[in-house]
Engineer: 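Submitted below is the structure of interest, expressed as structure tokens.
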Amino acid sequence: MTVEVERSFDVETSQEEVWELLSSDENRARAIEVVDRFESDGDETVWHVNLPGPLSGRTMAVRTWDIQRDAPRYVEFVGRATAMDVTGEHELTERGAGCRVRNRFVVDGKLPGVERFFRRNIDGEIENIMSLVPTAVRPVEG
């Protein structure tokens with residue numbers, strides 16, 4: 001089963017500054033609460049993820065890498081693991097002195113419960129992404 005979610009928010013920070021925060025592999029990993037630790041070799045970042053439920057107590061390696069990058073506007077990345085595949089996008093659009101940040105995630109779970117967990121926790125993860133940008137002002141419908 002596949003779950004797709006999209007959330008947007010506006011910030012009072014320039015597109016270039018937001019890009020520096022959201023295009024970073026380290027920042028993306030830190031924003032996800034179930035990532036216990038991560039390591040990067042520059043081309044690929046491995047997230048060590050601990051999901052609750054049947055997988056609780058076991059750490060799963062999710063290999064992630066960018067598949068498209070158009071600085072300072074768009075980054076798309078994928079993650080592959082035995083329990084799931086994930087695709088994430090961050091798209092930045094200038095809006096006056098700030099910008100709109102659109103986040104889109106598609107999770108294809110290979111084990112029962114992965115999609116439900118993701119759907120239940122996505123808003124908290126978006127809050128974590130918003131916390132990377134101190135001037136995030138409000139969620140936007142869509």
Engineer: Which other residues belong to the hydrophobic cluster containing Tyr74, where Ile, Leu, Val, Met, Phe, Trp and Tyr are joined when side-chain heavy atoms lie under 4.5 Å apart, directly or via other members?
Structural biologist: none
Engineer: Assess the side chains of Glu6 and Asn103: does a donor N or O sit below 3.5 Å from an acceptor N or O?
Structural biologist: no
Engineer: So how far is it from Arg80 CZ to Asp108 CG, rounded to the nearest 0.5 Å?
Structural biologist: 9.0 Å
Engineer: Drop me the distance from Ile67's CD1 to Thr87's OG1, to the nearest 0.5 angstrom.
Structural biologist: 6.0 Å
Engineer: As a test of understanding, state which of Val34, Val3, Val106 forms a side chain to side chain contact (heavy atoms under 4.5 Å, CB included) with Phe118.
Structural biologist: Val3
Engineer: I'd like to know whether Asn128 forms a side-chain hydrogen bond (donor to acceptor under 3.5 Å, both in side chains) with Glu33, so could you lay out the CA-CA distance, the side-chain angles of the two residues, the decisive distance to 0.1 Å, and finally the verdict.
Structural biologist: CA-CA 8 Å; Asn128 293 341; Glu33 288 185 17; 3.3 Å; yes
Engineer: Search all heavy atoms of Met60 against all heavy atoms of Ala83 and return the closest pair with its distance.
Structural biologist: SD-CB, 3.3 Å
Engineer: Measure from the side-chain N and O atoms of Glu4 to the backbone N and O of Phe105, and report whether any donor-acceptor pair falls under 3.5 Å.
Structural biologist: no
Engineer: Counting distance only, does the side-chain N/O of Arg7 pair as donor-acceptor with the main-chain N or O of Val101 below 3.5 Å?
Structural biologist: no
Engineer: Would you kindly check if the NZ (Lys) or CZ (Arg) of Arg28 is within the cone defined by 45 degrees around the ring axis of Phe77 and under 6.0 Å from the six-membered ring centre?
Structural biologist: yes
Engineer: Could you report the tightest heavy-atom contact between Ser23 and Arg69, atom names first, then the distance?
Structural biologist: O-NH2, 2.9 Å
Engineer: Sub-3.5 Å donor-acceptor pair from the side chain of Asn27 to the main-chain atoms of Leu21, do we have one?
Structural biologist: yes
Engineer: For Glu44, give me all partners under side-chain contact (heavy atoms from CB on, under 4.5 Å), at least two apart in sequence or on another chain.
Structural biologist: Asp41, Val46, Arg63, Trp65
Engineer: Taking all non-hydrogen atoms of both residues, which atom of Ala61 and which atom of Ala81 are closest, and how far apart?
Structural biologist: O-CB, 3.4 Å
Engineer: Determine whether His90 and Arg102 satisfy the following criterion, side-chain contact (heavy atoms from CB on, under 4.5 Å), listing intermediate values before the conclusion.
Structural biologist: CA-CA 6 Å; His90 299 297; Arg102 183 184 68 85; over 6 Å; no
Engineer: Applying side-chain hydrogen bond (donor to acceptor under 3.5 Å, both in side chains), can you list everything that pairs with Arg119, at least two apart in sequence or on another chain?
Structural biologist: none
Engineer: Provide the closest heavy-atom pair for Pro72 versus Glu16 in the form atom of the first, atom of the second, distance.
Structural biologist: CG-OE2, 4.0 Å
Engineer: To check you understand the geometry: which heavy-atom pair defines the closest contact between Cys99 and Val18, and what is its length?
Structural biologist: SG-CG2, 3.8 Å
Engineer: With sequence neighbours excluded, what pairs up with Thr45 under the side-chain contact (heavy atoms from CB on, under 4.5 Å) test?
Structural biologist: Asp25, Phe38, Ser40, Trp47, Thr64
Engineer: Drop me the distance from Thr13's OG1 to Leu132's CG, to the nearest 0.5 angstrom.
Structural biologist: 11.5 Å
Engineer: Within a strict 4.5 Å, meaning less than it, do heavy atoms of the Asp66 and Val75 side chains meet?
Structural biologist: yes
Engineer: How would you list, by chain and number, every residue that makes a side-chain hydrogen bond (donor to acceptor under 3.5 Å, both in side chains) with Glu39, sequence neighbours excluded?
Structural biologist: His48
Engineer: Over all heavy atoms of both residues, which pair between Thr82 and Lys110 is shortest? Give the atoms and the distance, please.
Structural biologist: O-CD, 3.3 Å
Engineer: Measuring from Met130:CE to Leu22:CG, what's the distance to the nearest 0.5 Å?
Structural biologist: 11.5 Å
Engineer: Could you tell me whether a side-chain N or O of Glu91 sits under 3.5 Å from a main-chain N or O of Arg73, the two making a donor and an acceptor?
Structural biologist: no
Engineer: Taking atom OG1 of Thr59 and atom CG of Asn50, what is their separation to the nearest 0.5 Å?
Structural biologist: 5.0 Å
Engineer: With sequence neighbours left out, write down each residue that passes side-chain hydrogen bond (donor to acceptor under 3.5 Å, both in side chains) with Glu17, or none if nothing qualifies.
Structural biologist: Ser14
